[in-house]
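These values consider heavy atoms only, across backbone and side chains, with no hydrogens, waters or symmetry-generated copies. As the structure is a computational prediction, the values presented were derived from the model and not from experiment.
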Amino acid sequence: MPHPPTKLTEQHRHTSDPATSARLAWSSDIHLNHANLSAWDRWIEMHGEPELSGLMITGDLSEAEDVYFQLSRIAETFSLPIYFILGNHDFYGSSVAATRRIVTSMTRNQPNLIYLTDSAPVELSPNSFLTGDDGWGDATVGDYDNSPVRLNDFALIEDFYKVDPTHWRGKLEQLGKDSALRLKSKLDSLPQTARTVHVATHVPPFREACWYNGQTTDDAWAPFFVCGHIGNVLRNYANEHPEIVVRVYCGHTHSCGVASISDNLTVYTASATYAEPKLERVISI
Ligand SMILES: [Fe+2]
Ligand SMILES: [Fe+2]
């Protein structure tokens, strides 16, 4: 269970009180295993904002063991908090549990790495919090049974290739459900003073936020590109807390768009191109 909400601490190389405003540099799906040195340098140079408060990366940093190398490299490059969650590619070559375990232990040694899946919500500016969880395309939206789509995930993540394909759907649903339960617990731990909640997750939580070439996804792709369980948690939370503005940041589709789900719930989906990591934008908190 996550701890109660915390303010940024010295451990995060910040002051103990939240600043009056914060500026987060948001990137998603940077897939650094595909990026050569000059692409890496270009990505670093995009963070030239003089007053950044931190970075936020919404998954697919790399693949397999390179994830750990890239996280350390980013943490050593920036003297800022690095808020991140993991995407499906980050688990390639291993299992979901083993990858999360190693990443979590890395954050103990590199305090400016903040794995939001394993962290309590962080107060970034007065009454504005950041939280998140990995999420997964959880087969709850679209038509899994009749979809011809099968992602590389099934061949490259132990949780899938070590079991019979008849168990894949149940595994997808469980991963989505587990993420949603963790996220709900973190949202429920927010104080009554919260007025804005920023949520980082990898997979779009609604079909309306799952963009590809300017269109939202169809029934064949939706099972793997929408995390319906997280969508339900977010929709319920926004409905139950009309006084709170909920802003969600995700990636996974590599195609950008903004979806207004309700008066106080908006989802921003980032674009991405392999081998050309980029800064999606700077978010004022
Ligand atoms: Fe990606
Ligand atoms: Fe992804």
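- The shortest distance between side-chain heavy atoms of R150 and W168 falls below 4.5 Å.
- By the 4.5 Å heavy-atom criterion applied to side chains, I44 and T77 are counted as neighbours.
- The closest side-chain heavy-atom distance from S284 to S21 is not below 4.5 Å.
- Atom CD1 of I30 is separated from atom CD of Q70 by 7.5 Å, given to the nearest 0.5 angstrom.
- Between N112 and L80 there is no side-chain heavy-atom pair separated by less than 4.5 Å.
- Here V149 pairs with S147, L151, A220, W221, F224 under the side chain to side chain contact (heavy atoms under 4.5 Å, CB included) rule; sequence neighbours left out.
- In this structure, OG1 in T99 is found 9.5 Å from CD in E65, a value given to the nearest 0.5 Å.
- Between H34 atom NE2 and T273 atom OG1 the span is 12.0 Å, to the nearest 0.5 Å.
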### Query
Where do H31 and H254 land on the ring-ring contact (aromatic ring centres under 6.0 Å, His included) test, with the steps shown first?
CA-CA 11 Å; H31 293 278; H254 293 201; 5.0 Å; yes
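- In Y68, the OH atom is crowded: over 12 heavy atoms of neighbouring residues, nucleotides or ligands sit closer than 6.0 Å.
- The list of salt bridge (Lys or Arg N to Asp or Glu O under 4.0 Å) pairs with a residue in residues 167-176, not counting sequence neighbours, reads D145-R169, D159-K171, R169-E173.
- Among all heavy-atom pairs drawn from G176 and I230, the shortest one is O-CG1, 4.5 Å.
- Both L32 and L113 belong to a common hydrophobic cluster when Ile, Leu, Val, Met, Phe, Trp and Tyr are linked at side-chain heavy-atom distances under 4.5 angstrom.
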### Task
With side-chain hydrogen bond (donor to acceptor under 3.5 Å, both in side chains) as the test, would you mind laying out the steps for S179 and R182 before giving the verdict?
CA-CA 5 Å; S179 261; R182 286 191 301 266; 3.2 Å; yes
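- Between E63 and N33 the shortest side-chain heavy-atom distance falls below 4.5 Å.
- Surrounding CD of E51 are at most 12 heavy atoms belonging to other residues, nucleotides or ligands under 6.0 Å away.
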### Query
Could you walk me through whether F129 and H198 pass the ring-ring contact (aromatic ring centres under 6.0 Å, His included) check?
CA-CA 6 Å; F129 291 81; H198 301 269; 9.8 Å; no
### Task
Apply salt bridge (charged side-chain N to carboxylate O under 4.0 Å, His left out) to D29 and K278, showing your working.
CA-CA 9 Å; D29 297 78; K278 69 173 180 59; over 6 Å; no
### Task
In sequence, state the C-alpha distance, the side-chain angles, and the governing distance for N236 and N239, and then conclude on side-chain hydrogen bond (donor to acceptor under 3.5 Å, both in side chains).
CA-CA 5 Å; N236 289 340; N239 282 343; 4.8 Å; no
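- Note on K186 versus D133: salt bridge recorded, some NZ/NE/NH1/NH2 to OD/OE distance being below 4.0 Å.
- Proximity of L175 to F91: side-chain heavy atoms (C-beta onward) are nowhere separated by under 4.5 Å.
- In this view, D188 and K184 satisfy the salt bridge (charged side-chain N to carboxylate O under 4.0 Å, His left out) rule, not counting sequence neighbours.
- Linking ILVMFWY residues whenever their side-chain heavy atoms come closer than 4.5 Å, directly or via other members, leaves L86 and V226 in distinct clusters.
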### Task
Decide yes or no on salt bridge (charged side-chain N to carboxylate O under 4.0 Å, His left out) for R73 and D66, but give the supporting numbers first.
CA-CA 10 Å; R73 187 189 193 195; D66 191 55; over 6 Å; no
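- Counting heavy atoms from C-beta on, the side chains of V245 and R247 come closer than 4.5 Å.
- Y274 and W40 fall into different hydrophobic clusters, defined by Ile, Leu, Val, Met, Phe, Trp and Tyr side-chain heavy atoms under 4.5 Å apart, directly or through other members.
- Side chain of H241 to main chain of Y237: a donor-acceptor pair is present (N/O by atom type, distance under 3.5 Å, no hydrogens or angles).
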### Task
Kindly determine whether F154 and Y161 satisfy ring-ring contact (aromatic ring centres under 6.0 Å, His included), including the steps that lead there.
CA-CA 6 Å; F154 298 114; Y161 70 70; over 10 Å; no
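- Ring geometry for Y249 versus Y268: interplanar angle under 30°, hence parallel rather than tilted (30 to 60°).
- By the 4.5 Å heavy-atom criterion applied to side chains, S27 and E280 are not counted as neighbours.
- Summarising the geometry of P205 relative to C250, their closest heavy-atom pair is CD-SG, 4.3 Å, with the distance given to 0.1 Å.
- More than 12 non-hydrogen atoms from other residues, nucleotides or ligands lie less than 6.0 angstrom from CD of Q110.
- Closest non-hydrogen pair, L61 versus I74, comes out as CD2-CD1, 4.1 Å.
- Between R207 and D218, no side-chain nitrogen of the basic residue sits less than 4.0 Å from a carboxylate oxygen of the acidic one, so the salt-bridge criterion is not met.
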### Task
Show the numbers, then the answer: is there a ring-ring contact (aromatic ring centres under 6.0 Å, His included) between Y83 and W26?
CA-CA 9 Å; Y83 306 101; W26 172 36; over 10 Å; no
